[in-house]
Amino acid sequence: MIVTVQQHILQQQSDLFPEARGRFSSLLSGITLATKMIQAKIRRAGLVDILGTAGEVNVQGETQQKLDVFANQALLHCLSPRESVAVLVSEENEQPLTIDRSESGKYVIVFDPLDGSSNIDVNVSVGTIFSIFRRDSPDEPLLKPGYEQVAAGYVVYGSSTIFVYTAGQGVYGFTLDPDVGAFVLSYDRVMMPDSGRYYSVNEANADSFPLAYRSYLARLRQQSYSSRYIGSLVADFHRTLLKGGVFLYPPTRDNPRGKLRLLYEANPLAFLAEQAGGRASNGYGRILDIQPTAIHQRTPLIMGSRHEMDEFDRAMSGSLN
Ligand code: P6P
């Protein structure tokens with residue numbers, strides 16, 4: 001018998017959040033509904049006037065793709081009415097959206113509606129990334145370190161549409177079955193391999209990487225690693241999760257603090273990486289230990305298999321022999 005993501009979440013919820021009966025699963029159902037709407041648009045991107053830019057520039061100063069706008073609206077539309085939602089934070093919105101300050105026992109959902117959207121027009125995989133925190137009091141701070149996430153996940157819109165999530169009890173993947181219209185369990189407790197044969201980094205920036213990064217990458221090349229870089233974070237992460245190896249977005253000349261966003265890219269993927277037996281670092285320490293200071297702040301991001309991450313730590317400490 002198939003196991004849908006809704007059934008799985010209900011089971012996880014009864015184990016994990018007995019006090020939040022129904023609320024937590026309602027929240028994740030809002031996310032899966034929105035991602036089904038997004039994937040339907042993506043699948044038809046070449047057929048309807050959905051390609052190209054919406055002509056506007058988003059808070060990141062990036063030209064908004066029409067699908068970016070649609071994806072953000074779909075998530076806001078599907079999540080705002082849910083009684084468990086307190087605050088929504090989106091890459092596409094400069095400020096957080098406060099939905100309900102009335103009572104405690106609510107959730108804060110942080111998301112990147114459509115990451116890698118610059119790849120849309122060339123039919124490369126893109127993704128939605130989300131991160132969920134509890135908010136036990138309306139007066140609680142909005143910005144919490146990643147280790148306080150209660151759930152996180154992504155949807156990768158690729159050759160198939162796959163929903164991957166963790167609620168702190170392991171990582172599970174569900175493939176959208178278009179005949180059923182449901183996400184069906186396809187990866188029951190994903191574990192990242194302890195080591196892999198791929199490293200993933202934009203080599204065009206290599207001359208501006210700090211020396212320790214260059215030494216580390218040179219060593220991987222000497223050890224005959226292969227390079228895989230899609231330039232779409234969710235796709236690069238999904239491969240690393242399943243095949244192992246390491247993904248890096250180091251500090252660069254253009255982005256000395258790193259390019260990727262802490263709240264809705266690094267934190268959720270770091271939670272998943274750790275739940276799958278891997279690790280995630282900003283070059284100095286654990287991603288999940290970082291205390292955020294702004295909702296759109298950037299961070300360097302290095303994440304992957306235990307072996308490659310141990311080697312990275314040795315490179316950063318100068319003890320890579
Ligand atoms: P670069 C896509 O624009 C994105 O935000 C991530 O999905 C991806 O990992 C990164 O930027 C790619 O950046 O500088 O290598 O093109």
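When a ligand or atom number is given, it counts from 1 through the structure's own listing order.
- The protein heavy atom nearest to atom 14 (O) of ligand 1 is Y249 OH, 2.6 Å.
- Using a 4.0 Å cut-off between heavy atoms, N202 contacts ligand 1 through its side chain alone, with no backbone atom that close.
- Every atom of ligand 1 is numbered from 1 in the order shown, and the set under 4.0 Å from a heavy atom of D115 is 5 (O), 6 (C), 7 (O).
- Annotation for ligand 1: atoms under 4.0 Å from non-hydrogen atoms of L233 are 6 (C), 7 (O), 8 (C), 9 (O).
- Under the 4.5 Å side-chain criterion, counting only non-hydrogen atoms from C-beta, F111 is in contact with I109.
- Here atom 10 (C) of ligand 1 lies nearest to K259 when heavy atoms of E203, E91, K259 are compared.
- The distance between the ring centers of Y213 and F312 falls below 6.0 angstrom.
- Using a 4.0 Å cut-off between a side-chain N of Lys or Arg and a carboxylate O of Asp or Glu, D313 and R279 qualify as a salt bridge.
- In this structure, D207 does not pair ionically with R253, as no charged nitrogen and carboxylate oxygen lie closer than 4.0 Å.
- Under the 30°/60° scheme for interplanar angles, the aromatic rings of H8 and Y172 are found to be tilted.
- Counting atoms of ligand 1 from 1 in the listed order, those under 4.0 Å from a heavy atom of Y229 are 1 (P), 12 (C), 13 (O), 15 (O).
- We find that R306 and E274 are not joined by a salt bridge, their nearest charged nitrogen and carboxylate oxygen being 4.0 Å or further apart.
- Listed by number with element, the atoms of ligand 1 under 4.0 Å from a non-hydrogen atom of S232 are 7 (O).
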